[in-house]
Amino acid sequence: MILQTQSHSLRPLTTAHLAQTMTLLELNGEQLRQKIESELAANPALEQVDDHHCPSCGRSQSTAGICPLCSHPREVTPEQPIIFVSPYSEFVPGEYRPSAEETPSEEWSALPEDLPAYVLHQIAGELAEEDRPLAAHILTSLDDDGLLRLPISEIARYHHVPLGRVQRLIVQIQHAEPVGVGSSTPQEALLVQLEVLAETGPVHPFARRAILEGMELLSRRAYHELGRILGAPTAEVQRLAAFISENLNPYPARAHWGDIHAGADSPHLFITPDILISRLNDSPNSPLVVEILSPFAGSLRINPLFREALANAPEEKIESWQEHLDQATQFVKCIQQRNHTMVRLMQIMVRLQRRFILEGDAYLMPITRAQLAVELDVHESTVSRAVSGKAVQLPNRRIVMLDKFFDRSLQIRTALRDLIAQEKRPMSDTEIAKKLLQLGYPVARRTVAKYRSMEGILPARLRHNGAKPLST
DNA sequence: CTATGGCACGGATT
DNA sequence: AATCCGTGCCATAG
């Protein structure tokens with residue numbers, strides 16, 4: 001009867017548990033990894049065990065003891081996502097997999113690292129020894145966007161090597177992840193990406209020509225004019241533009257584009273997703289697979305040997321050992337709690353934002369963290385912590401921050417973008433506001449202006465011919 | 001006079 | 001309690 005006061009929930013969480021779970025939630029993959037490592041090093045009671053791997057798909061069978069991918073699908077309808085926690089090492093960055101065999105998983109666990117090192121690691125294998133300094137030179141000369149602004153000839157001259165060799169090297173670099181790095185212009189980067197993309201799937205038929213001949217029109221969103229040049233209807237050009245902005249990125253170092261002008265991503269750092277959403281077997285109409293990447297292989301548990309040792313421990317050590325044990329138990333629980341929370345979070349997230357995940361920005365539901373909190377029956381701040389600083393890789397391979405799932409204005413902003421893309425002549429903000437209202441988005445004129453600038457769209461007057469360069 | 005961007009306020013969100 | 005976001009008002013540019 002004394003214990004009653006503690007908690008109304010089923011979970012026997014002490015406040016200490018709670019506090020630690022909170023902190024763990026807040027960490028993203030990389031930070032969590034460090035945390036676990038230090039904990040592992042400091043606490044002999046803690047032990048990391050390798051789990052069995054599923055013979056057919058190779059995934060960890062960690063918590064449930066069954067393979068989520070091989071055993072679940074039979075019982076699962078396409079609407080029901082498969083959600084599980086999966087060890088980090090299975091993650092293939094960007095899934096472009098330039099040369100799949102050559103990427104030892106330990107390399108990636110060091111992420112995020114800076115861009116030059118990141119790229120260098122990838123190409124190191126196929127790099128001739130004497131090309132290394134050359135590559136290093138090129139990579140360190142990249143700007144924030146991942147583009148090489150230095151003339152190639154200069155590099156060649158500096159190292160006294162033929163131009164062709166530098167060019168070959170650059171081609172190599174361009175094909176590393178992020179595809180297109182080391183190009184000298186956004187245009188070139190797009191072309192390389194297109195080429196790579198074409199190897200794995202269909203690309204838009206006009207894409208190449210549009211980039212080649214109509215780059216400038218493309219960046220101005222002058223779709224009509226572009227259509228004339230390409231000999232395609234404007235509607236087709238819009239589809240093309242959508243294709244390009246979905247799949248290609250003129251600034252390879254930026255994780256996603258669309259908010260090119262926001263410059264929100266921390267420069268130089270590479271974002272490794274903490275969550276991976278894909279389709280089973282990559283085929284459409286199959287269930288979504290949501291993997292919560294856990295930064296360590298296998299699972300953590302209390303070292304049984306330590307427990308034994310504690311039983312007949314020397315008198316003076318008992319206390320400190322017991323403390324270790326408690327700490328370890330709690331830590332393990334907290335990790336599990338964290339995973340559990342993440343899984344539940346993603347379940348709801350996928351249910352609510354299914355269309356957004358599959359079909360793009362336009363279908364983002366305006367959800368607030370608070371709403372999610374009541375569904376999950378956790379405190380709002382818990383949700384807040386859980387979503388902050390985490391990145392998700394969507395089925396279309398774009399990486400977005402988890403906060404984006406809560407962006408209340410994204411839906412309207414894409415509507416606005418479409419509207420402007422389709423406009424015959426530049427519309428004033430007031431007109432746009434009116435159109436948006438018709439579409440069911442009541443927004444004030446002033447707000448339209450704000451959204452416009454967020455999207456990097458020029459005011460009506462300047463939209464007609466004055467081109468604004470894509471850069472900042 | 002119209003279209004925009006800046007500043008600031010109030011309500012919602014975190 | 002701190003912050004973010006949509007809006008209204010006003011100054012300014014065209």
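None of these values were measured; they are calculated from a predicted model. Sequence lines set the chain letters: A, B, ... in the order given, protein chains first and strands last, and positions in each chain run from 1.
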Side-chain donor-acceptor distances from residues 35-43 of chain A under 3.5 Å, at least two apart:
residue, atom, partner, partner atom, Å
A:Glu37, OE2, A:Arg33, NH2, 3.4
A:Ser38, OG, A:Lys35, O, 2.9
A:Glu39, OE2, A:Gln327, NE2, 2.8
A:Asn43, OD1, A:Ala45, N, 2.9
A:Asn43, ND2, A:His324, O, 3.1

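- End-to-end axis angle of the helix from B:dC1-C:dG14 to B:dT14-C:dA1, from C1' rotation axes over five pairs per end: 10° (rounded to 10 degrees).
- Checked by atom type and distance alone, the side chain of A:Arg208 never pairs as donor or acceptor with a backbone atom of A:Leu194 at under 3.5 Å.
- The CG atom of A:Leu32 lies 5.0 Å from the CD1 atom of A:Ile335; values are rounded to the nearest 0.5 Å.
- Put simply, OH on A:Tyr363 and CG on A:Leu358 are 11.0 Å apart, with the number rounded to the nearest 0.5 Å.
- Taking the ring pair (Phe, Tyr, Trp, His ring centres under 6.0 Å) definition, one finds that A:Tyr441 meets it with nothing, sequence neighbours left out.
- For the atom pair CG of A:Leu410 and CG of A:Leu364, the computed distance is 5.5 Å after rounding to the nearest 0.5 Å.
- For the atom pair CE (A:Met427) and CG (A:Leu416), the distance works out to 9.0 Å, reported to the nearest 0.5 Å.
- Put simply, CE on A:Met427 is 18 Å from P on B:dT2, counting in whole angstrom units.
- Rounded to an integer number of Å, the gap from CD1 of A:Ile457 to C1' of B:dT4 is 15 Å.
- At C:dG8, none of the side-chain N or O atoms of A:Arg446 fall inside 4.0 Å of OP1 or OP2 (strictly under the cut-off).
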Mind listing the N/O atom pairs, protein and nucleotides 3-5 of chain C, below 3.5 Å?
none

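- Of the residues in residues 435-445 of chain A, A:Pro442, A:Val443, A:Ala444 come within less than 4.0 Å of DNA chain C through at least one heavy atom, sorted by number.
- Following rounding to the nearest Å, A:Ile432 (CD1) and B:dT4 (C1') show an atom-to-atom distance of 12 Å.
- With hydrogens and angles ignored, the 3.5 Å screen pairs no side-chain donor or acceptor of A:Arg369 with any backbone N or O of A:Val387.
- Between atom OH of residue A:Tyr451 and atom CD1 of residue A:Ile432 there is a gap of 13.0 Å, rounded to the nearest 0.5 Å.
- Rounding to whole angstrom units, CZ of residue A:Phe405 and P of B:dT14 are separated by 16 Å.
- No hydrogens or angles considered: a donor-acceptor pair under 3.5 Å links the side chains of A:Gln322 and A:Asp326.
- Taking atom CD of A:Gln371 as the reference point, atom C1' of B:dA12 lies 12 Å away to the nearest angstrom.
- Of the candidate nucleotides B:dT14, B:dA3, C:dT7, C:dT7 has the atom nearest to the side chain of A:Lys450.
- Contacts of A:Thr185 classified as side chain to side chain contact (heavy atoms under 4.5 Å, CB included), with partners at least two apart in sequence or in another chain: A:Gln187, A:Glu188.
- Proximity note for A:Glu380 (side chain, C-beta onward) versus C:dC9, C:dG6, B:dT14: the nearest is B:dT14.
- For the OP1/OP2 pair of C:dT7 and a distance below 4.0 Å, the side-chain nitrogens and oxygens of A:Thr447 include at least one atom meeting the criterion.
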